Every structure is written in structure tokens, then in C-alpha cells.
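In what follows, chains carry the letters A, B, and so on, assigned in the order in which the sequence lines appear, proteins first and then strands, with residues in each chain numbered from 1. Keep in mind the model is a prediction, meaning the values are calculated, not measured.
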Number of protein chains: 2
Amino acid sequence: MPAPILTKEEVLGRLMTAFREKGFDGASLAELSAATGLGKSSLYHHFPGGKVEMAQQTLEYLEAALEQSLFEPMRTGEPPEKKLSTMLDTLSAFYGEGRKACLLERLCASVDQRAFRRPLARLFERWIDVVEQLALDAGLPPATARARAEDLVVRIQGALVVCAGTGDMRVFSRTIVELRSSLLAS
Amino acid sequence: MPAPILTKEEVLGRLMTAFREKGFDGASLAELSAATGLGKSSLYHHFPGGKVEMAQQTLEYLEAALEQSLFEPMRTGEPPEKKLSTMLDTLSAFYGEGRKACLLERLCASVDQRAFRRPLARLFERWIDVVEQLALDAGLPPATARARAEDLVVRIQGALVVCAGTGDMRVFSRTIVELRSSLLAS
DNA sequence: GTCTATACGTGGATAGAC
DNA sequence: GTCTATCCACGTATAGAC
């Protein structure tokens with residue numbers, strides 16, 4: 001049976017799902033092979049650097065996806081309150097209302113974290129920068145805008161950890177609700 | 001050379017350090033053996049259930065340690081503001097000002113997370129409960145007290161993730177400063 | 001209780017055919 | 001580009017001596 005043709009994007013999307021579910025250290029090549037439908041050798045054809053390169057390319061793929069679905073919509077002429085709400089909706093869906101882990105966190109926590117350091121730092125900083133700009137547009141003073149932006153990312157990440165630890169996804173929902181009303185408040 | 005005698009507590013303390021540094025999935029028996037100075041067979045003598053049991057007992061050890069150093073001091077007659085400050089100082093030291101990972105997060109993220117589910121949920125909830133009581137003592141309304149308590153734990157965990165991702169430990173410091181002034185504010 | 005030695009599976013990674 | 005077959009190291013875990 002001829003293997004169904006997957007585009008590179010589809011492969012990377014499945015790798016991302018696998019890494020988010022199992023973690024970088026926890027995902028074995030056998031699982032990544034099953035997740036993508038590609039044999040190990042095929043994976044090595046696409047990712048000569050092995051598992052580390054799979055995660056690196058997955059991270060680049062995520063960066064591009066976030067640029068399009070999360071960051072770009074923040075550069076429209078909509079009012080900041082509206083854009084914040086849009087961002088929180090997108091994040092809430094992306095994280096399955098608290099049920100799905102964050103690839104960034106999974107790679108931060110991995111044994112090979114050094115291989116991901118720069119792209120991880122860049123992606124976190126871009127995310128914070130975008131939120132900071134939103135806060136500036138809403139008229140908050142620069143120091144406050146920066147702190148609020150960091151705080152949004154911190155709280156999203158923290159909520160995911162606490163949800164995973166307690167099994168109570170309401171923590172994530174409440175965090176989103178809280179951010180919606182407080183992030184741009186003066 | 002006779003092996004230096006380590007108490008069970010000392011062994012568990014070293015296992016905790018190893019799990020925090022490498023993660024549960026990332027820590028191999030060889031590393032746990034080196035960290036404790038015990039041969040693999042000796043580890044299995046103390047922890048017949050293998051790596052999972054090592055982490056479970058380490059979690060129990062952490063729970064007892066937190067009970068003594070973090071939770072118990074919250075039951076004195078000191079004013080809530082003072083006790084909050086004490087808790088934040090203790091947490092800041094425990095997490096090395098953002099440089100050291102949290103065992104709870106490491107186990108939440110592990111492939112064997114189901115084996116840790118109940119103790120993890122219990123420990124998170126006890127932590128939140130203690131902070132909630134602090135907020136109630138400070139005169140905050142019950143719903144607010146609960147939300148603020150969850151928020152403290154969420155922000156600490158999130159700050160650790162963002163510090164690991166960006167390499168910027170100031171995020172942790174700022175989070176602590178922020179919590180010190182805002183958690184009990186009406 | 002600790003060690004040395006070892007079993008045995010699975011991990012990541014490769015060779016080479018198609 | 002994909003597969004089957006295979007390699008070797010390391011993973012967890014155990015046996016048995018001291």
C-alpha cells in the first residue's frame with residue numbers, strides 16, 4: 001500500500017502533537033514514527049539530525065503558525081481590548097482550555113534544552129513583545145506594559161502546569177477570564 | 001572503602017535534586033546512582049518499585065519538607081502580610097531565584113504522570129489552601145481569596161517556565177515582588 | 001545494605017534494497 | 001522517499017556474592 005502523502009507541514013503538525021503529549025524526553029522514535037505514519041528511516045531522511053532536529057523544525061513550524069494566527073492579527077487597527085480578547089480566544093483553543101501542554105514548556109524542560117535555547121528565547125520574547133505593544137496601544141505606561149505582558153505569558157504557562165497537576169481545568173479558564181479584564185486596566 | 005552512610009532523607013534530597021535538574025523522564029538510573037552514591041542494586045533495595053517509586057517517595061519527602069518549612073510557619077499568629085513575605089522568601093530560596101525547577105512540574109510533565117497524580121493534586125491543593133487561608137485572614141472575601149491563592153501558585157510555576165525559556169531570571173524576581181504587594185491588596 | 005556482573009528490552013540511529 | 005533489517009549503546013531491572 002502506497003503511503004498516504006503527507007506534506008511537511010502535516011508531518012510537523014503531528015510531531016508537535018506527539019511532543020506536546022509525551023514531552024521531548026518522553027517521546028520515542030517509535031512513537032514519533034507511529035504519529036507521523038513514517039518509518040524511522042523516512043524520519044531520518046527528513047530530519048538528518050534525529051530527534052533534536054525534529055523538535056527544532058517543529059519549533060520553527062510553530063513559530064510560523066503563531067506568527068500567522070496569533071501575532072499577525074495583533075497588528076490590525078482593531079482596538080486593543082478587542083485584540084486582547086482575540087489573542088486569549090486563540091490561546092484558549094490552542095491549549096484545549098488547559099488540557100493540552102505547551103511545546104515551549106516541553107522543550108524548556110528537556111535534557112537537550114540547550115539545542116532549543118535560542119529559538120525558545122526568541123519565541124517567548126516575540127510573544128511578550130506583541131502583548132507589550134498591545135498594552136502600550138491601550139495607553140499603559142511603558143514599564144507597566146512590559147510587566148503586564150510578561151505576566152500574561154507567565155500566567156498562561158503557570159495555569160497549564162497547575163491544570164496538569166491538579167486535574168482542574170477551571171484554573172485555566174479563570175486565568176483567561178482574569179487576564180481579559182485586568183491586562184489592560186489602568 | 002566503606003560507603004559513607006547516607007540517611008534516607010539525604011538520599012531523597014539528592015534524588016530530588018537530580019529529578020529537578022533532569023526531569024523524571026530525563027534522569028537515568030545511572031545518574032540517580034551517581035547522584036546518591038548508591039549502586040543501582042542498592043537503589044532497588046530501598047525502592048523496589050524502581051524509578052517510579054523513587055519519585056513517589058521523593059514527592060512524599062518534599063511534602064513533609066514543605067509542611068515544615070512552608071506551611072507550618074503560616075499557622076502562627078503573625079500578621080498575614082508578614083507570613084506572605086516569609087512564604088515568598090522561602091519559595092524564592094527554594095527555587096534559586098528562578099534558576100531551579102520545581103519537582104511538581106517535573107512530575108506533572110512525565111510519561112508516568114498517572115503514578116503521581118494523587119499526591120501531586122493533593123500537594124498543589126494544600127499549597128493553594130494555605131495561601132487562601134492567608135488571604136482570608138487578611139480580610140479578603142472568600143471568592144477573591146481563593147482566586148488570589150490559585151494565582152500565586154500559577155504565577156510562581158509560570159515564572160519558572162518563562163525563566164527557563166528566556167534565560168532571564170528577572171521574570172521570577174519581578175513576579176515575587178509583584179505578589180508581595182498585590183496578593184493581599186483589597 | 002552494598003557491591004559486581006549481567007540479563008534483556010528499547011532507545012536512537014544506519015545500511016541498503018526498492 | 002519509503003521500506004525491512006539491523007546495529008550498538010544505554011535503559012531498567014535482577015541475581016547472587018560479600
Listing time: all N or O pairs from protein to nucleotides 15-18 of chain C that are below 3.5 Å?
unit_1, atom_1, unit_2, atom_2, d
C:dA15, N6, A:Ser41, OG, 2.5

Show me the protein contacts with nucleotides 7-9 of chain D, counting only N or O atoms at under 3.5 Å.
none

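Partners of A:Thr166 by side chain to side chain contact (heavy atoms under 4.5 Å, CB included), not counting sequence neighbours, listed by chain and number: A:Val162, A:Asp168, B:Phe124, B:Glu125. Residues that satisfy the ring pair (Phe, Tyr, Trp, His ring centres under 6.0 Å) test with A:Phe19, not counting sequence neighbours, are A:Phe24. Scanning for side-chain hydrogen bond (donor to acceptor under 3.5 Å, both in side chains) contacts around B:Glu150 gives A:Arg174, with sequence neighbours left out.
For residues 103-120 of chain A, proximity to DNA chain D is found at no residue, defined as any non-hydrogen atom under 4.0 angstrom from a strand atom.
Counting only heavy atoms from C-beta outward, the side chains of A:Thr7 and A:Glu10 approach each other to under 4.5 Å. For the pair A:Met54 and A:Leu29, the minimum side-chain heavy-atom distance is below 4.5 Å. In this structure the side chain of A:Val153 never reaches within 4.5 angstrom of the side chain of A:Ile156, judged on heavy atoms. Residues A:Pro48 and A:Glu53 meet the side-chain proximity criterion, which asks for heavy atoms closer than 4.5 Å.
A ring pair (Phe, Tyr, Trp, His ring centres under 6.0 Å) check over residues 29-85 of chain B, counting only residues at least two apart or in different chains, returns nothing. Sorted by first and then second residue, the salt bridge (Lys or Arg N to Asp or Glu O under 4.0 Å) pairs involving residues 29-52 of chain B (not counting sequence neighbours) are B:Lys22-B:Glu31.
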Base versus backbone protein contacts along nucleotides 7-13 of chain C [heavy-atom cut-off under 4.0 Å; B, S, -]: ----SBB
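Across the protein-nucleic acid pair, B:Phe47 atom CZ and C:dG1 atom P stand 13 Å apart, rounded to whole Å. Between the P atom of D:dG1 and the NE2 atom of A:His46 lies a distance of 7 Å, rounded to the nearest Å.
Under 4.0 angstrom from either OP1 or OP2 of C:dC3 there lies at least one side-chain N or O belonging to B:Ser42. Side-chain N/O atoms of B:His45 include none lying less than 4.0 angstrom from OP1 or OP2 on C:dC3.
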Pairs under 3.5 angstrom only: tabulate donor-acceptor contacts from the side chains of residues 127-136 of chain B to other protein residues two or more places apart or in another chain.
unit_1, atom_1, unit_2, atom_2, d
B:Asp129, OD1, B:Arg146, NH1, 2.8
B:Glu132, OE1, B:Arg146, NH1, 2.7
B:Gln133, NE2, B:Asp137, OD1, 3.0

With a cut-off of 3.5 Å and sequence neighbours excluded, list every side-chain donor-acceptor pair involving residues 111-122 of chain B.
unit_1, atom_1, unit_2, atom_2, d
B:Gln113, NE2, B:Cys108, O, 2.6
B:Arg122, NE, B:Glu63, OE2, 3.1
B:Arg122, NH2, B:Glu63, OE1, 2.9

Between side-chain atoms of residues 87-95 of chain A and protein atoms elsewhere (two or more places apart, or another chain), which donor-acceptor pairs fall under 3.5 Å?
unit_1, atom_1, unit_2, atom_2, d
A:Asp89, OD1, A:Arg180, NH1, 3.2
A:Asp89, OD1, A:Arg180, NH2, 3.1
A:Thr90, OG1, A:Thr86, O, 3.0

B:Arg170 vs B:Glu178, salt bridge (charged side-chain N to carboxylate O under 4.0 Å, His left out): CA-CA, chis, key distance, verdict: CA-CA 12 Å; B:Arg170 288 173 302 180; B:Glu178 235 290 291; over 6 Å; no
